[in-house]
2 protein chains.
Amino acid sequence: MAVTMNDVARAAGVSLKTVSNVLNDYEYIRESTRQRVQAAIAELGYEANLTARSLRSGKTKMIGLVLSDLSSPYYAELASRLMSVAAESGYRVLVEQSNADPAVELAALRGPFRQLTDGLLFTPLSMDVEEVESHRGAKPLVLLGEHILDPRLDVVTMQNEVAAAAVTSHLLESGRRRVAVVGAGIDDTTGSPGLRMNGYRAALADAGVPFDPDLVVPGDWRRDGGADAVAALLERGTQFDAVFGLNDVLALGAMHELLVRGVKVPGDVAVVGFDDIDEASFSSPSLTTVSPGMDEIVRRSLALLLDRIEGREKTAGGVHVESDFALKIRESAP
Amino acid sequence: MAVTMNDVARAAGVSLKTVSNVLNDYEYIRESTRQRVQAAIAELGYEANLTARSLRSGKTKMIGLVLSDLSSPYYAELASRLMSVAAESGYRVLVEQSNADPAVELAALRGPFRQLTDGLLFTPLSMDVEEVESHRGAKPLVLLGEHILDPRLDVVTMQNEVAAAAVTSHLLESGRRRVAVVGAGIDDTTGSPGLRMNGYRAALADAGVPFDPDLVVPGDWRRDGGADAVAALLERGTQFDAVFGLNDVLALGAMHELLVRGVKVPGDVAVVGFDDIDEASFSSPSLTTVSPGMDEIVRRSLALLLDRIEGREKTAGGVHVESDFALKIRESAP
DNA sequence: CAGCAACTTTACAACGTTATAGTATTCAAG
DNA sequence: CTTGAATACTATAACGTTGTAAAGTTGCTG
């Protein structure tokens, strides 16, 4: 059997509650008592039972991270950093993969997953703001990644539209005129795909380049999605001199397909992405992309969430944070 | 306040324990009673309190996954699959990043992390078998990835040596004679680096090619580690016509550095890796590598761990499982 | 040296579940 | 219609912690 507080109390000759007080840094404890208890703890090798603590205190010291798929590099890096940063504050991260499935997202908001965590960092992929708002429970919730300015919700977001416009403009400024965009449908206007598309269209408009629906190709946000999209473009004979993959893996998949088919990058077709995953610096050619400020997103979303959890942030309405972005110009689109 | 079993019991006109019995599929419950309880549960929207359940039952329905770094693609894919597969059996996965730090690995074996989980899938990076054996607690533990045949420990492993030999032999058979190996020191003989090195040396010996220490370059198992290693090789003028990156990101980093410096791959130098991460199929050139059978590793290690946790696997000594591997020949080393 | 405030420690209840050890009820067999 | 086994249900005690409220101790002030 594991050592309990009771054993420690007995060994130190104090009450159970005094041991608890020592553990919780209660102010009024005689120094000699504290040391006696600490000694007993050390001698017996006592470790607090986290489950009992959670039951009694109602806190789990875990935060939940809901994302579509941990094997996607962007989310893997995000989760990895979040875990490291959260650990500094004594929190663990429990990850839930939604696969963009509405049922799973809903379950993450209200089900057992919620119970296990003190607060949620949530990437809504299939739900809209209203659904999130109506199903979120009482515990703190910070939305991640979307550019949603709902006054009821805390949101930490990257500048999807502006950054997408910037990277598109970069292509246009280098003389490209037929920029294919991969990873969204023409009708998308919300969510990361839609917002980045908006940025794309804004940049075109800005440069006086007409929007051509033929250049828009939907695709799963995976490498093969990018490859398939390029294959489709080439097979239907659509002319293009650049590809904007709405995230890096799409762009890298697209680039792979271009190169396999003998299309020169950036000679014939320039390629840009979005996210600046580690791989983008090491592909051949290296990938021009947008760094959305992941470090800032991680730190600030966690800070906001912990402020809510620990009752420091009292703002009634939603707090909105937007990270800086940076254009990373590399070989695929100089 | 949340709805408790007591509320359900009152609503259904039965005792607390009967509600518990219904929830736990106890055999002897009258059908009518069961339905009354179910109805009350549905009406009140009752959800079991997992923390209380854990405290009383001693089970958390979580398994721990200890790895070096979740942002590494191999581990990200592993974690992602494990979560999906574990969910099928009603388990969640809690990830701990050790960064190969002995203190963190030790803490994962004995500390709070252990408490939160019913069993551990553990990738030992800085600890040897004896340390693991002496510090593992009472709960089930399955080692991952190493080829350790200690009779006291459960291990699910890939065929590090044989597979590394196979991919090296492939290089030798295609006529390469100066195969640089990146990611281990000459003295490594244990752990994934050492075992893969052993395979490398075995393949050389098999082909009658002398082992040259100059061709061995240590490096962190990251892209930049591979790039730095190649830079070092080139700068010190060591002749080589192939690079074996001991994992895929090393190989991809190495390949990037070669291409940046104008070395043709595979024309001048062939490159092979190990792991077959998703990216290996989409790099340019695509990467010849070894697929270590991750799906099998995930499924069998989880099955073994759950068998231990749920008391089905009674074998006193360690169970050893070895996954199949497959050579994936692609453009970087045809 | 009484009185009061500041400290220090404690007993007991509570968190919401499952385990133990029963008590009722039903029903077939004698 | 009695017995005993099978079935159906329940009261009570845990699990190990923190919260509440109060009791006990000290030391200072008047």
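Just so you know, these numbers use all the heavy atoms, side chains as well, and skip hydrogens, waters and symmetry mates. Here is how names work: the chains are called A, B, and so on, in the same order as the sequence lines, proteins then strands, and each is numbered from 1.
For the 3.5 Å distance criterion, the side chains of Thr60(B) and Asp118(B) qualify, holding a donor opposite an acceptor. There is no side-chain donor-acceptor pair under 3.5 Å between Ser71(B) and Asp278(A).
Side chain of Leu16(A), nearest nucleotide from dT10(D), dT18(D), dC9(D): dT18(D). Of the candidate nucleotides dT17(C), dT18(D), dT10(C), dT10(C) has the atom lying nearest to any side-chain atom of Asn21(A). Relative to the side chain of Arg56(B), the nucleotides dC7(C), dA13(D), dT18(D) differ in distance, and dA13(D) lies closest. With dT18(C), dT17(C), dT10(D) as the candidates, the nucleotide lying closest to the side chain of Ser15(B) is dT10(D).
Remark: Thr18(A) is not in phosphate contact with dT9(C), judged by side-chain N or O atoms under 4.0 Å from OP1 or OP2. Look at Asn49(A) and you won't find any side-chain N or O under 4.0 angstrom from OP1 or OP2 of dC15(D). Taking side-chain N and O atoms only, Tyr26(B) has no distance below 4.0 Å to OP1 or OP2 of dA19(C). The phosphate of dT7(D) (OP1 or OP2) has no side-chain N or O of Arg30(B) nearer than 4.0 angstrom.
Two residues, Leu55(B) and Arg34(B), neighbour DNA chain D, and the one matched to the more 5' nucleotide by heavy-atom proximity is Arg34(B).
At a threshold of 4.0 angstrom between heavy atoms, the contacts of Thr33(B) are confined to the sugar-phosphate backbone, with no base atom among them.
With hydrogens and angles ignored, no donor-acceptor pair closer than 3.5 Å exists between the side chain of Lys17(A) and the base of dA11(C).
Atom CD of Glu310(A) sits in a crowded spot, with more than 12 heavy atoms from other residues, nucleotides or ligands closer than 6.0 Å.
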